[in-house]
Amino acid sequence: MERIDRYSPLPLYHQLYEILRGSIHSGEWLPGDMIPPESELTERYEVSRTTVRQVLDMLVNEGLIYRQRGRGSFVAHPTVEQALVRIVSFTDDMRQRGLTPGTEVLFSGLVPAPVDIARRLEIEPGEELAHLKRLRLAEGEPMSVEESFLVHRHCPGVLDGDYASNPLREALVSYGIRWLHARQTIRALVAPGDLARVLSIEPRAALLFIERVSYSQQHVPVEFLRIYYRGDRYMLHNELSD
């Protein structure tokens, strides 16, 4: 075990940060491993609880660990980088990265189209939408929350599927719907309390928020999608050229 050198010119918090960071990068602590609780780190390295919390905050901000309320701190899986050039399903994306995808259905039901969503889908307000809200996981770790609003007349009965086990995109193909293109906006949000609980993050933690309208091969808008990505687990990139 590495020790704190009290004669070093480096501050105690910086020394502890390097020790814990080294345990992660060396593979001593693997993704998903629970790291020792604050009380144990305080005793082991003979530093204050304030110092331990400062270091853990630094590791969280760096995306090396994440906290789960009531459970503790865990080593994070590598940050997922997603390109903005293709429409890729979450399931396919995770499998291509060698990660095991998972889904929990949070809500499934028919709802009338609110004015703002109706405008985006080019339908009348109040038209029936199939609303599906899902928590997406990788290796059991919450990654994002997705809310799909589908124009139900284009895919009647679509909510009868088991979307904890099966991709929604595959079900839409059975209705003859394939995504031709999509338009989306991206912005930063802070996590409200309800989303923070579902995503196992601190309230007001950073989120990447995407709103997307997906069009069928007939150039008809069929789905309005909201995605809330954990800011500590996702990075979006795009390639630009002259």
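All values below come from the heavy atoms of this structure, side chains included, with hydrogens, waters and symmetry mates left out.
Leu180 approaches Ser216 most closely through the heavy-atom pair CB-O, 3.5 Å. Closest heavy-atom contact between Ile123 and Ala113: CD1-CB, 3.9 Å. Taking both residues in full, the closest heavy atoms of Tyr229 and Ser144 are given as CD2-CB, 3.7 Å, listed atom of the first, atom of the second, then distance. Across every non-hydrogen atom of Arg134 and Ser148, the tightest pair is NH2-OG, 3.9 Å. Of all the heavy atoms in Val105 and Ala164, the pair that sits closest is CG2-N, 3.8 Å. Heavy-atom minimum distance, Leu41 versus Pro36: CD1-O, 3.6 Å.
Looking at heavy atoms from C-beta onward, Leu189 lies in side-chain contact with Tyr228 at the 4.5 angstrom threshold. In this structure the side chain of Leu168 reaches within 4.5 angstrom of the side chain of Val158, judged on heavy atoms. Side-chain contact check for Thr103 versus Leu135: every heavy-atom pair is 4.5 Å or farther apart. Side-chain atoms of Trp179 and Val222, non-hydrogen and from C-beta on, do get closer than 4.5 Å to each other. Side-chain contact between Ile35 and Trp29: present, with at least one pair of heavy atoms (C-beta onward) separated by less than 4.5 Å. Counting only heavy atoms from C-beta outward, the side chains of Lys133 and Arg226 never approach each other to under 4.5 Å. Residues Leu56 and Ile65 meet the side-chain proximity criterion, which asks for heavy atoms closer than 4.5 Å. Considering only heavy atoms from C-beta on, Glu46 comes within 4.5 Å of Arg6 through its side chain.
Residues passing the salt bridge (Lys or Arg N to Asp or Glu O under 4.0 Å) test with Arg53, sequence neighbours excluded: Glu38. Remark: Glu40 engages Arg44 in a salt bridge (Lys or Arg N to Asp or Glu O under 4.0 Å) (not counting sequence neighbours).
Applying the ring-ring contact (aromatic ring centres under 6.0 Å, His included) test to every pair with at least one member in residues 105-147, sequence neighbours left out, gives these pairs: Phe107-His131, His131-Phe149.
The backbone N or O of Ile177 lies less than 3.5 Å from no partner atom in the side chain of Gln217, so there is not a single donor-acceptor pair. Judged purely by atom type and a 3.5 angstrom limit, Asp33 uses its side chain to pair as donor or acceptor with the backbone of Leu30. Between the side chain of His181 and the main chain of Ser214, no donor-acceptor pair closer than 3.5 Å is present. A distance-only check finds a donor-acceptor pair linking the side chain of Glu139 to the backbone of Thr100 [under 3.5 Å]. A donor-acceptor pair is defined here as one N or O able to donate and one able to accept, closer than 3.5 Å; such a pair exists between the side chain of Gln15 and the backbone of Leu10. For Ser174 (side chain) and Ala171 (main-chain N/O), a donor-acceptor pair under 3.5 Å exists by modelled atom type.
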Given salt bridge (Lys or Arg N to Asp or Glu O under 4.0 Å), test Arg212 with Glu223 step by step and report yes or no.
-> CA-CA 8 Å; Arg212 178 187 301 161; Glu223 180 188 45; over 6 Å; no
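Under the 4.0 Å criterion applied to side-chain N and carboxylate O atoms, Glu146 and Arg136 are assigned as salt-bridge partners. Taking a cutoff of 4.0 Å between a charged side-chain nitrogen and a carboxylate oxygen, Arg230 and Glu141 qualify as a salt bridge.
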Side-chain donor/acceptor pairs under 3.5 Å, residues 17-28, sequence neighbours excluded:
{"from": "Tyr17", "atom 1": "OH", "to": "Arg21", "atom 2": "NE", "distance (Å)": "3.1"}
{"from": "Tyr17", "atom 1": "OH", "to": "Glu62", "atom 2": "OE1", "distance (Å)": "2.5"}
{"from": "Arg21", "atom 1": "NE", "to": "Glu62", "atom 2": "OE2", "distance (Å)": "3.0"}
{"from": "Arg21", "atom 1": "NH2", "to": "Glu62", "atom 2": "OE2", "distance (Å)": "3.3"}
{"from": "Ser23", "atom 1": "OG", "to": "Ile19", "atom 2": "O", "distance (Å)": "3.2"}
{"from": "Ser23", "atom 1": "OG", "to": "Glu28", "atom 2": "OE1", "distance (Å)": "3.4"}
{"from": "Ser26", "atom 1": "OG", "to": "Gly22", "atom 2": "O", "distance (Å)": "2.9"}
{"from": "Ser26", "atom 1": "OG", "to": "Ser23", "atom 2": "O", "distance (Å)": "3.4"}
{"from": "Ser26", "atom 1": "OG", "to": "Glu28", "atom 2": "N", "distance (Å)": "3.3"}

Would you be so kind as to tabulate the donor-acceptor pairs closer than 3.5 Å made by side chains of residues 191-202, with sequence neighbours excluded?
none

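Hydrophobic clustering, defined by side-chain heavy atoms of Ile, Leu, Val, Met, Phe, Trp and Tyr closer than 4.5 Å, leaves Val190 isolated from every other such residue.
In Arg49, the CZ atom is crowded: over 12 heavy atoms of neighbouring residues, nucleotides or ligands sit closer than 6.0 Å.
Follow the hydrophobic side-chain contacts under 4.5 Å out from Val151 and you reach Val213 in the same cluster.
With a 6.0 Å cutoff to the six-membered ring centre and a 45° limit on the axis angle, Arg119 does not count as a cation-pi contact of Phe224.
Side chains of Thr42 and Ser39: a donor-acceptor N/O pair is absent below 3.5 angstrom, by distance only.
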